[in-house]
Amino acid sequence: MDKLEPIYGILLVIAFVYLVIWTIKVFNVALNEKRKKRIEAKMESIRLRTIGVAKNYWYNKQDVEDRPENRSVESYYHYFNEAKDCIKDLIIEMYDCGLVRTEMLEAIAYSGGMVGKEAKDFVQKIHNGNVVAAIQEKKNLVKQGGDKDTIKIPVVDWDLEDILEEQLAEAEKREKAEAFAADMALKEAEKALKVEKATARKTEAAPEPDEEDESKKEKTSRKSKKKTARTGKERLEQDKKNRILKEQIDAEDEEFDKEFLDEQKKDDDEEKPQGDPEVAKQVMAAMKEHEKEKAASDGETEDLSKKKKRGPKKNADKNKITPMTKAEKAEFEKKILIQTAVYESWVSYVFQLYEIININANEEIRNQIRESLMEYGRNDVEVLLHSPE
């Protein structure tokens, strides 16, 4: 038995050493596994943060706070390149989070109220709240390291009475411009109508040519074209013929007595042109036709001139613009109050959105986002009552 004790002792020592070695190995394996997981998690975090820094993104702070333990913060990021890429998503977020009180907007627009001092106080109260929110947001952004000179929050303090007076003045100015434009358009239409009527009268007054006149006109036209086409030589020959014809006529006229000759000569000077008798006849017809057209044109011009002189008297009162009546001013004021109340309410919803979201971008892009979100509130109330998704 005594001989076995050393052997048992040696075995126990060997077992102890084995257990120690085994324990060390197990501990190292577990430690390495844990270290590997930690390194992988850290690398993933670095990767996501690198993406986040390289791109613009926004996220809902409430969603991040309520996230499951096994979900990273970066998985809630909404990435975008330019400001316009995220406007629609942020507006949808306003509706999804219940920030847009559609029942309030509907009541403002369709309740039939928004008149009197109470309505003005209501609108001014909403605006004053927005001014306070804007000042507080700017302070918070400066605390976070922002430059107060580059932070632009498009909320300007104003007095509602001044806005209403300015809007009324603009409305009256616009009405005058529209009335003046309408008056000018009416004058142009009347002028065109007069010209059209005068043309119609001229067409009706023109006598219908008989077959003989048509024949004469055709012949005159042919003669004129022929005469125009003649060369210098042909014109000289025609002049020679005319001189010979004139000498023959003068010889025949010597047979008449002096008194008849004088009368005939006077008539010839006034009515009968020299040259070919046939050509002279056609020329006389053309001259009479021209005088007839000229007389009709002169009468037409005189008629238009008289009407033009009478025109301003008829339209004298059209340029006089009567100012808005008391009822019209009240209705217009109500409209402006409703539009202002809807817009200011929307701006307050935008400030509430900025309390629950965080935007990672430079100040210029953040200003563009803020301005675009507020500008969306100038849409018709029918648009604001529904989410754009």
Side-chain angles (χ1 to χ4, degrees), residues 36-102 105 129-156 343-379 383-389:
K36 182 181 178 181
K37 289 182 179 179
R38 189 167 60 247
I39 290 173
E40 288 178 353
K42 188 174 182 180
M43 292 297 292
E44 180 67 13
S45 178
I46 292 173
R47 186 183 71 82
L48 292 174
R49 289 181 184 278
T50 302
I51 295 173
V53 171
K55 291 185 177 181
N56 302 315
Y57 64 89
W58 67 271
Y59 64 88
N60 189 313
K61 292 186 283 189
Q62 293 179 349
D63 292 342
V64 170
E65 291 173 1
D66 299 337
R67 77 185 189 281
E69 292 182 0
N70 60 348
R71 188 169 178 182
S72 65
V73 175
E74 291 79 10
S75 62
Y76 287 89
Y77 289 175
H78 301 269
Y79 297 100
F80 62 92
N81 293 321
E82 300 178 8
K84 63 181 181 180
D85 299 333
C86 69
I87 301 302
K88 184 178 179 180
D89 293 336
L90 288 172
I91 293 174
I92 292 174
E93 190 77 5
M94 291 173 65
Y95 284 89
D96 291 345
C97 295
L99 303 179
V100 182
R101 296 177 58 188
T102 55
L105 296 178
N130 290 335
V131 172
V132 173
I135 294 172
Q136 187 60 44
E137 183 184 346
K138 191 164 186 175
K139 287 181 180 179
N140 293 336
L141 292 173
V142 171
K143 285 181 181 179
Q144 295 172 11
D147 185 357
K148 64 179 182 179
D149 295 329
T150 60
I151 298 171
K152 296 179 182 179
I153 302 177
V155 176
V156 181
Y343 173 73
E344 291 295 342
S345 298
W346 177 266
V347 171
S348 69
Y349 306 151
V350 174
F351 280 119
Q352 293 175 39
L353 174 70
Y354 271 80
E355 292 176 2
I356 65 172
I357 67 167
N358 187 32
I359 300 177
N360 182 73
N362 61 49
E363 198 59 49
E364 181 180 358
I365 292 178
R366 295 166 83 176
N367 288 334
Q368 291 175 2
I369 294 172
R370 192 180 293 109
E371 289 175 0
S372 298
L373 289 175
M374 291 185 179
E375 190 64 25
Y376 188 83
R378 299 194 184 277
N379 281 312
V383 175
L384 301 179
L385 290 177
H386 306 283
S387 173
E389 61 181 344

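The first residue in the sequence is number 1, and the count goes up from there.
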Atom of [X], atom of [Y] and distance for their closest heavy-atom approach:
| X | Y | result |
| --- | --- | --- |
| L384 | G377 | CD1-O, 3.6 Å |
| Y95 | V383 | OH-O, 4.2 Å |
| A83 | Q368 | CB-OE1, 3.5 Å |
| K61 | I357 | CE-O, 3.5 Å |
| L99 | Y349 | O-CD2, 3.3 Å |
| A134 | I153 | O-CD1, 3.3 Å |

Flag side-chain contact, heavy atom, 4.5 Å: [X] against [Y]:
| X | Y | result |
| --- | --- | --- |
| L105 | V100 | yes |
| I369 | C86 | yes |
| N360 | Y59 | no |
| R370 | N367 | yes |
| I92 | P388 | yes |
| N130 | Y343 | no |
| W58 | L90 | yes |

(Q) With a 3.5 Å distance limit and no angle check, can you tell me whether R67 reaches the backbone of V64 through a side-chain donor-acceptor pair? (A) yes
Q. Would you say the side-chain atoms of W346 pair up with the backbone N or O of L373, donor to acceptor, closer than 3.5 Å?
A. yes
(Q) List the residues meeting salt bridge (charged side-chain N to carboxylate O under 4.0 Å, His left out) with E355, not counting sequence neighbours, and say none if there are none. (A) none
Which value, rounded to the nearest 0.5 Å, describes the distance between [X] atom [atom1] and [Y] atom [atom2]?
| X | Y | atom1 | atom2 | result |
| --- | --- | --- | --- | --- |
| I151 | K139 | CD1 | NZ | 13.0 Å |
| I91 | S372 | CD1 | OG | 8.5 Å |
| I87 | E82 | CD1 | CD | 11.0 Å |
| Y57 | N358 | OH | CG | 7.0 Å |

Q) Looking at residues at least two apart in the chain, or sitting in another chain, which of them share a side-chain contact (heavy atoms from CB on, under 4.5 Å) with K148? A) K138, V142
Q | Axial cation check for Y76 ring with R71, 6.0 Å and 45° limits | A | yes
Q | Listed once per pair and sorted, the salt bridge (Lys or Arg N to Asp or Glu O under 4.0 Å) pairs that draw on residues 85-102, sequence neighbours left out | A | R101-E103
(Q) The test is side chain to side chain contact (heavy atoms under 4.5 Å, CB included); show your working for E364 and T150 and say whether it passes. (A) CA-CA 8 Å; E364 181 180 358; T150 60; over 6 Å; no
